[in-house]
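One structure is given here, and the rest of the page talks about it.
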Amino acid sequence: AQVVLHPLTLVNITDHYTRRNFDAKGADTQKRVVGLLLGEQSDKKIEIFTSFEAMFDDEDGKGNHANLEVDFIKRQKEQFAKVYKTFDLIGWYITGSGLTAEDIAVTHNQVRENFCESPMIMVVDTNPPASVHSLPVYIFESVIKVDKGDISVSVTKTKYTVESEESERVGIDTAMQVDFLGEENPT
């Protein structure tokens, strides 16, 4: 399937990461954030249009154990469905340098068991190596194998394109050009 990523998703995720990680003094805590991906899926095309934040248990204080709060996500999903009637929950995102076995064992399986059978995963690398000269965003597809009644789930990296519609370009351009005239920066 062709995977298309829309820029609003990236804006939402970077905003989520920034709010969680940067305190008033600008210190970066490097905590991972987790959320859900919304979009449309057909046989030949998967479009990721937007995302929303997920609440999760953070056992070690660093975001390394993302045990999702499923009831919160169900309520958020219902609210989005009222506004975006054609969007489905199609996967989840996480920030950091990659996926861990715990990400698959805990978070991915929770999304798969509660929301969608074959979720996409988006990893936004918040500290990419200097050798990376492209967008540090990686998308994975679920691979479900059934062998003699045993079900195993793995993920594989997939290619994607970034596309935007005219209304998205106008909205993002406008947001990036906001001028807060008359406001002073605190010193």
Side-chain angles (χ1 to χ4, degrees), residues 1-20 32-54 56 66 68 73-100 103-104 107-129 131-145 153-178:
Q2 175 191 8
V3 178
V4 176
L5 174 61
H6 289 261
L8 180 59
T9 309
L10 297 173
V11 171
N12 289 345
I13 294 169
T14 55
D15 176 64
H16 182 192
Y17 178 82
T18 301
R19 284 184 288 105
R20 170 146 184 183
R32 297 172 90 192
V33 296
V34 178
L36 287 297
L37 302 170
L38 294 170
E40 296 176 349
Q41 187 169 357
S42 68
D43 291 339
K44 296 182 182 184
K45 190 173 185 181
I46 299 168
E47 288 195 78
I48 304 169
F49 283 102
T50 191
S51 62
F52 66 88
E53 301 170 21
F56 62 96
L68 299 173
I73 295 169
K74 286 179 179 176
R75 287 190 304 274
Q76 289 294 99
K77 183 180 172 218
E78 288 172 9
Q79 289 177 354
F80 268 92
K82 291 176 184 176
V83 177
Y84 302 103
K85 296 184 184 338
T86 62
F87 288 4
D88 290 317
L89 198 149
I90 58 172
W92 61 285
Y93 70 82
I94 193 162
T95 59
S97 59
L99 288 172
T100 67
D103 293 334
I104 301 299
T107 312
H108 190 67
N109 283 331
Q110 280 187 304
V111 173
R112 194 175 61 78
E113 291 169 4
N114 290 287
F115 302 107
C116 59
E117 188 175 292
S118 186
M120 306 290 294
I121 306 170
M122 180 187 302
V123 177
V124 178
D125 190 342
T126 52
N127 195 16
S131 60
V132 173
H133 297 291
S134 61
L135 191 61
V137 173
Y138 310 96
I139 297 180
F140 299 83
E141 290 183 280
S142 296
V143 178
I144 300 171
K145 293 181 183 175
V153 178
S154 61
V155 297
T156 184
K157 192 185 288 187
T158 190
K159 292 181 180 185
Y160 66 93
T161 58
V162 177
E163 292 181 11
S164 63
E165 297 170 355
E166 182 64 25
S167 60
E168 292 172 306
R169 288 190 292 276
V170 169
I172 290 173
D173 285 348
T174 301
M176 295 300 149
Q177 295 175 7
V178 172

- Task: Could you tell me whether the side chain of Tyr84 and the main chain of Leu38 form a donor-acceptor pair under 3.5 Å?
- Result: no
- Query: Could you walk me through whether Val4 and Ile46 pass the side chain to side chain contact (heavy atoms under 4.5 Å, CB included) check?
  - Reply: CA-CA 6 Å; Val4 176; Ile46 299 168; over 6 Å; no
- Are a donor atom and an acceptor atom from the side chains of Thr86 and Glu40 found within less than 3.5 Å of each other? yes
Which side-chain N or O atoms in residues 111-124 pair as donor and acceptor under 3.5 Å with protein atoms at least two apart or in another chain?
unit_1: Arg112; atom_1: NE; unit_2: Asn109; atom_2: OD1; d: 3.4
unit_1: Asn114; atom_1: ND2; unit_2: Gln110; atom_2: O; d: 2.9

- Task: Starting at CG of Leu8, measure out to OG of Ser51 and round the result to the nearest 0.5 Å.
- Result: 7.0 Å
- Would you check, one step at a time, whether the test side chain to side chain donor-acceptor pair (under 3.5 Å) holds for Glu141 with Thr156? CA-CA 5 Å; Glu141 290 183 280; Thr156 184; over 6 Å; no
- How far does CG of Leu68 sit from CG of Leu36, to the nearest 0.5 angstrom? 7.0 Å
- With distance as the sole criterion, is a donor-acceptor pair present between the side chains of Asp103 and Thr100 under 3.5 Å? yes
- Task: Evaluate the side chain to side chain contact (heavy atoms under 4.5 Å, CB included) criterion for residues Asp125 and Val132: first the C-alpha distance (whole Å), next the side-chain angles of each, then the deciding distance (0.1 Å), finally the verdict.
- Result: CA-CA 10 Å; Asp125 190 342; Val132 173; 5.8 Å; no
- Query: Hey, what do you get for CD (Gln41) to CD1 (Ile48), rounding to the nearest 0.5 Å?
  - Reply: 9.5 Å
- Message: Asp15: which residues meet the salt bridge (Lys or Arg N to Asp or Glu O under 4.0 Å) condition with it, sequence neighbours left out?
- Response: Arg19
- Message: Quick check on ring pair (Phe, Tyr, Trp, His ring centres under 6.0 Å): which of Tyr160, Phe87, Phe49 does His6 satisfy it with?
- Response: Phe49
- With sequence neighbours excluded, residues passing salt bridge (Lys or Arg N to Asp or Glu O under 4.0 Å) with Lys45: Glu47
- Message: Quick check against the 3.5 Å criterion: does Thr95 have a side-chain atom that pairs as donor or acceptor with the backbone of Val33?
- Response: yes
- Item | Side-chain donor-acceptor pair present, Asn127, Ser97, cut-off under 3.5 Å | no
- Message: Nearest 0.5 Å, please: how far is CZ in Phe140 from CD1 in Ile104?
- Response: 8.0 Å
- Message: Just so I know, are the side chains of Thr126 and Tyr17 near enough to count as touching, which here means a heavy-atom distance under 4.5 Å?
- Response: yes
- Any Leu37 side-chain heavy atom under 4.5 Å of Thr9 side chain: yes
- Should Leu99 and Val155 count as side-chain neighbours, where that means a heavy-atom distance under 4.5 Å? yes
- Message: Contact between Trp92 and Val34 at the side-chain level, heavy atoms closer than 4.5 Å - yes or no?
- Response: yes
- Is Val153 close to His108 at the side-chain level, that is, under 4.5 Å between some pair of heavy atoms? yes
- Could you tell me how the ring of Phe80 sits relative to the ring of Phe52: parallel (under 30°), tilted (30 to 60°) or perpendicular (over 60°)? parallel
- Message: Quick one, Thr107 with Ile94, criterion side chain to side chain contact (heavy atoms under 4.5 Å, CB included). Give me CA distance, side-chain angles, the key distance, then yes/no.
- Response: CA-CA 10 Å; Thr107 312; Ile94 193 162; 5.5 Å; no
